[in-house]
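By convention here, the first residue in the shown sequence is residue 1. None of these values were measured; they are calculated from a predicted model.
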Amino acid sequence: MCGIAGLVSKSPVNQDLFDALTMLQHRGQDAAGIITADGDRLHLRKDNGLVRDVFAADEHMSALRGNMGIGHVRYPTAGCTTSAEAQPFYTNMPFGVSLAHNGNLTNTDELKQALFEEDRRHLNTESDSEVLLNVFAHELAQLGKLRLKPEDIFETVARVHHRIRGAYACVAMITGYGVVGFRDPYGIRPVVVGRRNGINGPDYLIASESVALDALGFEVLGDIEPGEAVLITLDGKLHRRQCAAHPQHSPCIFEYVYMARPDSMMNNISVHKARLRMGVKLAEKIKREWGEDHGIDVVIPIPDTSRVPASELAQVLGVPYREGYIKNRYIGRTFIMPGQAQRKKSVRQKLNPVDVEFRGKNVLLVDDSIVRGTTSQEIIQMARDCGARNVYFASAAPPVRFPNVYGIDMPSVHELVAHGRTEEELRVLLGADKLVFQDLEDLIDAVKHKNANIEKFDCSVFTGEYVTQDVDAKYLNQLELFRNDAAKEARTRSASTPLDLHAA
């Protein structure tokens, strides 16, 4: 999971791209980058760290000149966590193409071999985003055009769809021409486009979530549809075309559970309202299974993502909702931190309990999901240490039992606490007196609601069924070997930062 942004304007884009990435910071805390085009000159700044730290100095921003650019916030699911794999990536042939990507390709090894043996292209990192950039650049070069037209870009995207598999929401900048945004034929990862009336003409922004558009005063024109490409040329014109032969709308349901901000609209669905409905569904299940006399004295959310479902759950159950954990705003999202040791260390630094909300009470803790179990175990123990009589635990999502292959860091079944365990075994392991999970059918109903445009959701982390239909046991084994925490840490230790010839 990463955040992407692409902007074409009649004015300098550096500050707007910085602001857009700040609004998308929740999607990636490992690295950030912006590349801008000032005529034929490109200016790049990228490094490890938060957006505010990577672009801390005045010279960083002033060097990012130009009225067109793309940006990225990174959350490492593959490769290593050094600045070598910060995005955007750039290749000089043809024209000068830059690209930023959110997702994960499932045929990366096959593509790497073809790029070397057939396309004669050199790769400098382990990132599948660099693979995607080179596939896009190669297909654009194959057209043999000196002057590009919109139909040339759409033909290039169609060829990219034909070659690559997996999840990808991308922004690419073609020097001297414009910015293109495109999405895989299943629409697994989100991306939207918006327009703002500028002084000298319209500005167009492509971003992972609508909150980035809202914050900068853009009108949301809608999602980029599965398989669709959106082209914004330097003259301020927007072109759209479906580039996939058989698109099937199957967005990732975990975006609504955890990844996205609640104030975002994705696939014409309000994330906030979807989470409210998750709370209602979960409360109804508790009533069915625990009875009307459920014995819960207070509902306490695990901040921040679970606040919305927990508040609605408390209302349906008719019990008080209280903020029992105070969050340290200077600690990032523990789920997307690289390395189990760092995640575990951060839990107690991140959350501190208000003991009076626990002492002598039957407490229902509500979280968005249970993935590795690290946070859940620590939080349940905190509640006991504060004197809770009983600690119950509710998950707004079903048990996460299978790896995610589409850009969320759940690569290893051995790192998923629910894999191979029953719910009773999980309850004992986590230390809860009672444990309840959302039913998958209820989760789907809560998210989809009345949206008929979505054919199905990617629910692979709950079911092990992958919408791209190209994921088998061999692939999952290779993925686990390459992307588990230990493997990532080893690559990070051994990696060296390459010379960046284009840094601002």
Side-chain angles (χ1 to χ4, degrees), residues 1-7 12-38 41-66 68-92 96-103 122-134 136-137 168-175 179 181 205-208 212 332 336 338 407 488 491-492 495-504:
M1 183 190 75
C2 299
I4 60 172
L7 178 60
V13 298
N14 53 356
Q15 187 62 54
D16 279 344
L17 281 173
F18 174 93
D19 293 341
L21 293 184
T22 301
M23 297 301 295
L24 298 173
Q25 186 74 84
H26 62 286
R27 299 189 66 86
Q29 299 168 179
D30 179 64
I34 293 174
I35 187 169
T36 59
D38 184 18
R41 297 289 297 176
L42 297 179
H43 307 281
L44 172 65
R45 166 69 184 170
K46 60 180 182 177
D47 203 351
N48 277 7
L50 301 177
V51 175
R52 66 175 183 237
D53 299 323
V54 172
F55 305 99
D58 290 340
E59 59 265 27
H60 294 158
M61 293 296 289
S62 61
L64 293 170
R65 297 182 296 274
M68 175 174 70
I70 61 175
H72 186 267
V73 287
R74 182 175 188 261
Y75 146 70
T77 54
C80 59
T81 58
T82 68
S83 58
E85 297 194 358
Q87 297 183 40
F89 285 111
Y90 165 80
T91 182
N92 65 347
V97 180
S98 313
L99 182 139
H101 162 226
N102 174 32
H122 172 75
L123 299 175
N124 202 40
T125 71
E126 294 291 340
S127 174
D128 62 338
S129 302
E130 190 188 14
V131 172
L132 207 163
L133 164 67
N134 279 274
F136 181 89
Y168 48 97
C170 306
V171 284
M173 181 172 69
I174 304 170
T175 308
V179 168
L205 175 63
I206 298 168
S208 292
I336 64 175
K488 278 188 197 173
R491 284 194 299 277
T492 300
S496 59
T497 303
L499 178 64
D500 191 343
L501 299 178
H502 310 284

Taking the side chain as every heavy atom from C-beta outward, state whether [X] and [Y] have any pair of such atoms under 4.5 Å apart.
X	Y	result
Leu123	Val131	yes
His60	Leu64	no
Val97	Leu133	yes

- Rounding to 0.5 Å, atoms CG (Leu44) and CZ (Phe89) come to a distance of 10.5 Å
- How many angstroms lie between atom CG of Asp30 and atom CG of Asn48, to the nearest 0.5 angstrom? 5.0 Å
- Item | Heavy atoms from other residues, nucleotides or ligands near CG of Asp53 exceed 12 (cutoff 6.0 Å) | yes
Under 3.5 Å donor-acceptor, [X] side chain and [Y] backbone:
X	Y	value
Ser98	Tyr90	no
Glu85	Thr125	no
Gln87	Arg74	no
His72	His101	yes

- Item | Sole candidate of Met173, His43, Arg41 that passes side chain to side chain contact (heavy atoms under 4.5 Å, CB included) when paired with Thr36 | His43
- Task: Could I get the full list of side chain to side chain donor-acceptor pair (under 3.5 Å) partners for Asp38, not counting sequence neighbours?
- Result: none
